[in-house]
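All residue numbers refer to positions in the sequence shown, counting from 1. Below, each value reflects all heavy atoms present in this structure, side chains not excepted, and no hydrogens, waters or symmetry copies. Note that the coordinates shown come from a computational prediction; the quantities given were computed from them, not determined experimentally.
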Amino acid sequence: MELAEIRTYPIKSVQGTHRLSAQVLPWGLEGDRRWAVVDPRGELIWVGENPRLLSVSATETPEGHLIVSAEGMGELKVAPAAGDTLPVSFANFERGVLAADDAHEWFTSLLGKPARLVWQDGPRPHPTSGEHDGLAWDAALHLVSRSSLRRLDDWIAEAAMERQEQPPEPLDVTRFRPNAIIDGAEAFEEDGWTSVRIGEIDFRVSELCDRCVAITWDPATLDGGKEPLRTLAKRHRWDGQSWFGIRLVPRNLGTLRVGDEVVPVRT
């Protein structure tokens, strides 16, 4: 069992970046989801209602600039955030540092409604609800399994054939926005892990990942549909939620590398 891919997302809800290695910090992978797009009140602009965010490519430069682009939009170089702060209200963020006005204008034009780009300056631990294990960094790293994805593809194809429909193309794993993609496990065996060692890093499994309508948007075409949420709701649902993947919290810090051995502890 090995770590097959590493992905980070410079801005929440935009396209991911392939990495050969990544530093593990208490709140997640270095450079992962430190930026976010919010409305003027500081509420997160949710990709499930704003799928155009999935069209955005974002890369960070060694100097700390952010390069953003999207189809139909010009490329923009965003300077390191150094503006005023804005109270925000989602996991791990208490206040966001506002980017320059041109970044707000770019995302406002992209989405067709007022938007702000903010940067998380030094996340701090704070209490969360009991359903998230009472930890600030309950979703420090998100892991999915290629075997589980293949099983889900099979379920979707079987259901399509029962409805006498053409089976769809296999799902792109980017629908699930994982940080770590593993290969070599049995399908859905990760559901029963309590902890896992990946390379030199030990992780505690904080929870399974519940899924919402956001995964029904195709990140390549931006087309919406019923899958894979429909099939997960039928084949992999309990406690009122549909599940795919697990969330991990690091017990020590270090570097993850593609090809690292994955050694789980099973319940």
Side-chain angles (χ1 to χ4, degrees), residues 1-35 58-62 64 91-92 120 122-125 128 132-153 170-211 215 219 243-267:
M1 201 182 307
E2 70 171 13
L3 179 60
E5 297 181 51
I6 300 171
R7 295 173 184 256
T8 55
Y9 306 85
I11 307 174
K12 281 184 66 69
S13 301
V14 310
Q15 295 177 18
T17 301
H18 284 278
R19 304 276 294 271
L20 293 178
S21 64
Q23 290 294 118
V24 177
L25 303 174
W27 49 84
L29 298 184
E30 183 180 18
D32 186 50
R33 298 177 173 93
R34 297 300 300 277
W35 295 85
T59 57
E60 291 185 299
T61 71
N92 297 345
Q120 182 182 16
R124 297 289 186 268
T128 65
H132 286 114
D133 204 20
L135 297 170
W137 299 312
D138 62 281
L141 186 140
H142 175 211
L143 179 148
V144 302
S145 161
R146 284 181 176 173
S147 298
S148 300
L149 182 61
R150 289 191 290 268
R151 178 66 57 81
L152 178 56
D153 284 330
L171 296 169
D172 188 327
V173 72
T174 58
R175 283 183 185 247
F176 301 97
R177 310 191 61 73
N179 296 118
I181 303 165
I182 64 167
D183 209 355
E186 295 294 326
F188 293 107
E189 76 164 85
E190 65 275 12
D191 292 353
W193 297 351
T194 55
S195 62
V196 59
R197 183 174 181 85
I198 307 176
E200 62 188 37
I201 314 296
D202 289 310
F203 294 92
R204 176 178 59 83
V205 178
S206 62
E207 61 183 357
L208 275 67
C209 190
D210 52 312
R211 295 300 177 176
I215 63 172
W243 309 95
F244 191 85
I246 57 176
R247 294 178 172 129
L248 307 177
V249 175
R251 289 185 166 131
N252 61 294
L253 308 182
T255 303
L256 289 182
R257 298 175 177 85
V258 169
D260 278 348
E261 184 181 16
V262 176
V263 181
V265 174
R266 301 171 177 85
T267 56

Kindly write out the residues that satisfy side chain to side chain donor-acceptor pair (under 3.5 Å) with Arg211, not counting sequence neighbours, or none if the list is empty. His142

Work out which heavy atom in Ala140 is nearest to a heavy atom in Pro26; give both atom names and the distance. CB-O, 4.0 Å

side-chain contact (heavy atoms from CB on, under 4.5 Å) between Ile198 and Met1: does it pass, once the steps are laid out? CA-CA 10 Å; Ile198 307 176; Met1 201 182 307; over 6 Å; no

Between CD1 on residue Ile182 and CD on residue Glu261, distance to nearest 0.5 Å: 12.0 Å

Stepwise side-chain contact (heavy atoms from CB on, under 4.5 Å) test for Trp193 and Val265: CA-CA 6 Å; Trp193 297 351; Val265 174; over 6 Å; no

So, using side chain to side chain donor-acceptor pair (under 3.5 Å) as the criterion, who are the partners of Ser195 when residues are at least two apart? none

Taking side chain to side chain donor-acceptor pair (under 3.5 Å) as the definition, give me every residue that meets it alongside Thr174, ordered by chain and number, with sequence neighbours left out. Asp172

Non-neighbouring partners of Arg251 that pass salt bridge (charged side-chain N to carboxylate O under 4.0 Å, His left out), sequence neighbours left out: none

The reported gap from OG1 in Thr8 to NE2 in His18 (rounded to nearest 0.5 angstrom) is 10.0 Å

With salt bridge (charged side-chain N to carboxylate O under 4.0 Å, His left out) as the rule and sequence neighbours excluded, what pairs involving residues 179-189 come up? Arg146-Asp183, Arg150-Asp183, Glu189-Arg266

Can you name the side chain to side chain donor-acceptor pair (under 3.5 Å) partners of Ser13, sequence neighbours left out? none

Positive for side-chain contact (heavy atoms from CB on, under 4.5 Å) with Ile6, one of Val258, Asp260, Leu141, Asn179: Val258

Nearest atoms (heavy-atom pairs only) where Ser206 meets Val249: CB-CG2, 3.9 Å

Salt bridge (charged side-chain N to carboxylate O under 4.0 Å, His left out) with Arg19: which residues, sequence neighbours excluded? none

Checking the side chain of Ser148 only, and the main-chain atoms of Phe188 only, is there a donor and an acceptor separated by less than 3.5 Å? yes

Just jot down the salt bridge (charged side-chain N to carboxylate O under 4.0 Å, His left out) partners of Arg7, sequence neighbours excluded, or say none. Glu5

Test ring pair (Phe, Tyr, Trp, His ring centres under 6.0 Å) applied to Phe176 - qualifying residues, sequence neighbours left out: Phe244

With side chains defined as the heavy atoms from C-beta onward, is the minimum distance between Pro264 and Phe203 less than 4.5 Å? no

Supply the atom-to-atom distance Cys209 SG to Glu190 CD, rounded to the nearest 0.5 angstrom. 11.0 Å

Considering non-hydrogen atoms only, spot the tightest contact between Pro178 and Tyr9 and give its length. O-OH, 2.7 Å

Of all the heavy-atom pairs spanning Ala185 and Ser145, show the shortest one and how long it is. CB-OG, 4.2 Å

Rounded at 0.5 Å granularity, tell me how far OG1 in Thr17 sits from CD in Gln15. 8.5 Å

Checking Asp202 now: which residues fulfil salt bridge (charged side-chain N to carboxylate O under 4.0 Å, His left out) with it, not counting sequence neighbours? Arg197

Do Val196 and Val263 pass the side-chain contact (heavy atoms from CB on, under 4.5 Å) test, and can you show the C-alpha distance, the side-chain angles, and the key distance before you say yes or no? CA-CA 6 Å; Val196 59; Val263 181; 5.9 Å; no

Closest approach of Ala58 and Val14, non-hydrogen atoms and distance? CB-CG2, 4.1 Å

If you measure from CZ on Arg33 to NZ on Lys12, what distance do you get to the nearest 0.5 Å? 6.0 Å

For Ser21, enumerate each residue passing the side-chain contact (heavy atoms from CB on, under 4.5 Å) test, keeping only those at least two apart in sequence or located in another chain. Thr255, Arg257

Looking at every heavy atom in both Leu3 and Leu256, which two are closest together, and how far apart are they? CD2-CB, 4.2 Å

Under the side-chain contact (heavy atoms from CB on, under 4.5 Å) rule, collect the residues that match up with Asp153, sequence neighbours excluded. Leu149, Pro170, Leu171

Reported CH2-to-CZ distance for the pair Trp27 and Arg34, which is rounded to 0.5 angstrom: 6.0 Å

